[in-house]
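The next block holds one structure in the form of structure tokens; read it before the comments.
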Amino acid sequence: MAFQHIRHKSPRLVGLAIRHLQNLTRRDFVAGAALVDGRWIETDQADVVVDPATGEEIANVARCGVTEMNLAIAAAERSFARWRELLPERRGTILRSWASLMLRHSEELAVLMTSEQGKPLAEARHEIAYGAGFLEWFAAEGERAYGETIPSHKPGSLLQVRMQPIGVAAAITPWNFPVAMVTRKAGAALAAGCPIIVKPAPETPLSALAVARLAVEAGVPPGVLQVLIGNPIEISTPLLRDTRIRALSFTGSTHVGRLLLEGAAETVKKVSLELGGHAPFLIFDDVDLGKAVNGAMAAKFATSGQDCLAANRIYVQRSIYGAFVEAFATAIAQLKVGHGLDPETTIGPMTKSSVADKCRMQIDDALSKGARSISVKQDPNLGPNFVVPTLLSDVTEEMMIAREETFGPVAAVLPFDSEEEVVARANANEMGLAGYVYTDSLRRALRLSEQIECGMLGINTPSFTGPPIPFGGWKQSGLGREGSRHGLAEYMELKCVCFGDLAAQENRYD
Ligand code: NAD
């Protein structure tokens with residue numbers, strides 16, 4: 001059986017996992033070999049993948065090094081000429097088959113994701129559909145890489161701008177969306193005509209390997225999509241240094257994003273970075289309190305708070321501040337912390353212990369500086385990666401949580417008095433990925449849609465991501481965009497061609 005070596009401490013959860021897998025196609029998704037040049041390769045060393053909820057080992061994956069990465073770069077370069085020459089329509093057909101295979105095996109992929117990432121199974125299922133959506137989107141976008149024709153400034157000439165595939169691309173992906181961040185990058189690269197080498201996060205390699213398996217089954221040729229896991233610095237170094245890698249796409253922390261930008265400078269690669277966020281969530285007193293609470297719950301606690309779009313600073317107008325804190329605390333008390341395979345769970349473990357530690361540090365820091373906290377009761381038997389969902393009220397800008405990204409189920413609430421004041425406070429942060437505004441005033445919504453400094457803004461909604469959205473941030477939240485038609489451009493070069501000598505009689509009117 002596909003998941004026979006996934007073991008959980010709790011017999012009830014083993015039962016749940018097995019029930020989920022019953023009647024599903026038998027398929028060895030958990031194979032831990034790397035995909036290089038169309039072959040599944042084993043290496044001398046292995047890395048262990050653990051269930052973040054229990055700390056138990058669930059699989060081993062081949063640890064690749066510089067040798068395997070160099071083989072992958074050479075294979076990608078070899079595959080480029082044929083892949084770019086395929087008609088965009090043909091590439092689109094392969095991407096669509098890949099998407100439909102993902103949807104067909106959604107349940108297996110979701111259980112696998114929950115087992116290594118920890119997120120509740122319902123969210124994992126949602127991510128499979130979200131991730132497949134990028135493949136479908138880019139299948140069509142690839143057919144629309146139109147370029148443009150520009151009225152010429154030279155007599156008797158034609159100016160044409162073409163979009164051409166940039167060459168071999170590399171993707172370094174995070175552990176919070178282990179499938180969707182692979183398909184959002186690979187879908188765009190493959191549609192553009194570029195091979196891509198993916199380095200997933202060591203915490204969640206199984207999801208990336210499983211979707212790569214389906215890509216091969218869908219007809220992605222050898223070398224066009226490769227997946228290698230290993231020590232992040234060691235195997236990323238050839239990706240940064242090699243001149244054959246022309247584009248690098250990264251999702252993760254701002255700290256690592258800076259290092260990669262610096263590393264890519266030597267070979268002047270096209271770099272796109274989706275980095276950290278610190279989203280302000282503004283609630284004005286003209287809004288329905290229930291809608292604001294529901295919005296804040298969704299924007300804060302999705303993915304157990306491990307989301308770069310998560311509401312990091314919830315600013316509430318003073319006249320409704322007390323009522324909001326009370327209603328928000330009641331809603332938070334309904335959250336159910338547990339193993340992601342338990343259908344009742346709404347908050348899973350943090351995928352990395354360092355992320356759980358940072359949440360606790362932010363709570364302690366805020367409490368030591370005068371914040372008040374309300375926490376959900378938690379089963380004491382849950383492991384160290386679990387963070388109790390916590391509401392911190394009376395937060396001030398001096399506290400760590402108001403300045404540094406919180407990647408967990410800790411909600412910081414701050415009162416404000418005026419619109420002008422809260423806009424200034426919302427913008428006083430070096431991150432600028434997402435923002436949220438809750439108001440019933442159309443005039444205010446229009447004003448704030450102009451004034452908030454971020455790449456994506458939700459007005460009276462906590463949810464907007466999806467393939468049509470140009471996903472990306474301002475300031476230190478990143479460079480470039482993913483998804484949308486703009487996402488394709490990250491893997492393409494513009495070429496301006498000037499055709500001269502076209503007029504029957506040149507300079508006729510001169
Ligand atoms: P990270 O940036 O270290 O990891 C993201 C990816 O980068 C992983 O694939 C990792 O293996 C790789 N990586 C790490 N160091 C590298 C290096 N020197 N060279 C090449 N690749 C490298 O993130 P993290 O430490 O796992 O998480 C820390 C914080 O980052 C989180 O608490 C959160 O604030 C933020 N984060 C943001 C996102 C996002 O969606 N933007 C995703 C993950 C983490």
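All values below come from the heavy atoms of this structure, side chains included, with hydrogens, waters and symmetry mates left out. Along the sequence shown, residues are numbered consecutively beginning with 1. Every number for a ligand or one of its atoms is a count from 1 in the order of the listing.
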### Task
With heavy atoms under 4.0 Å as the rule, classify the contact between L275 and ligand 1 as side chain, backbone, both or neither.
backbone

### Task
Going by heavy-atom distance to atom 20 (C) of ligand 1, choose the closest among G252, S236, P205.
S236

### Query
Given Q117, which of T351, D51, T204 fulfils the side-chain hydrogen bond (donor to acceptor under 3.5 Å, both in side chains) condition?
T351

#### Entry: S477, P174, A171: member with heavy atom nearest to atom 43 (C) of ligand 1
P174

### 4.0 Å heavy-atom contact, E203 with ligand 1
no

### Summary
Under 4.0 Å from one or more heavy atoms of E274, ligand 1 contributes atoms 41 (N)

### Query
Do any N/O atoms on T251 end up under 3.5 angstrom from N/O atoms on ligand 1?
no

### Query
Does ligand 1 have a heavy atom under 4.0 Å from the side chain of F177, from its backbone, from both, or from neither?
neither

#### Entry: Shortest protein heavy-atom distance from atom 11 (O) of ligand 1, along with the residue and atom involved
K199 NZ, 3.0 Å

### Message
Taking only non-hydrogen atoms of L260, do any sit less than 4.0 angstrom from ligand 1?
### Response
yes

#### Entry: Taking atom 24 (P) of ligand 1 as the reference point, the nearest protein heavy atom with its distance
K352 NZ, 3.6 Å

### Message
Heavy-atom pairs closer than 4.0 Å: do any link ligand 1 to the side chain of S253, the backbone, both, or neither?
### Response
both

### Task
Taking the side chain as every heavy atom from C-beta outward, state whether V388 and V337 have any atom pair closer than 4.5 Å.
no

### Proximal atoms of ligand 1 relative to T173 (non-hydrogen, under 4.0 Å)
6 (C), 8 (C), 9 (O)

### Message
Between R360 and D364, does any NZ, NE, NH1 or NH2 come within less than 4.0 Å of an OD or OE carboxylate oxygen?
### Response
no

### Task
Just jot down the ligand 1 atoms closer than 4.0 angstrom to any heavy atom of C308, in number order.
39 (C), 40 (O), 41 (N)

### Task
Report yes if the distance between the aromatic ring centroids of F407 and W175 is under 6.0 Å, otherwise no.
yes

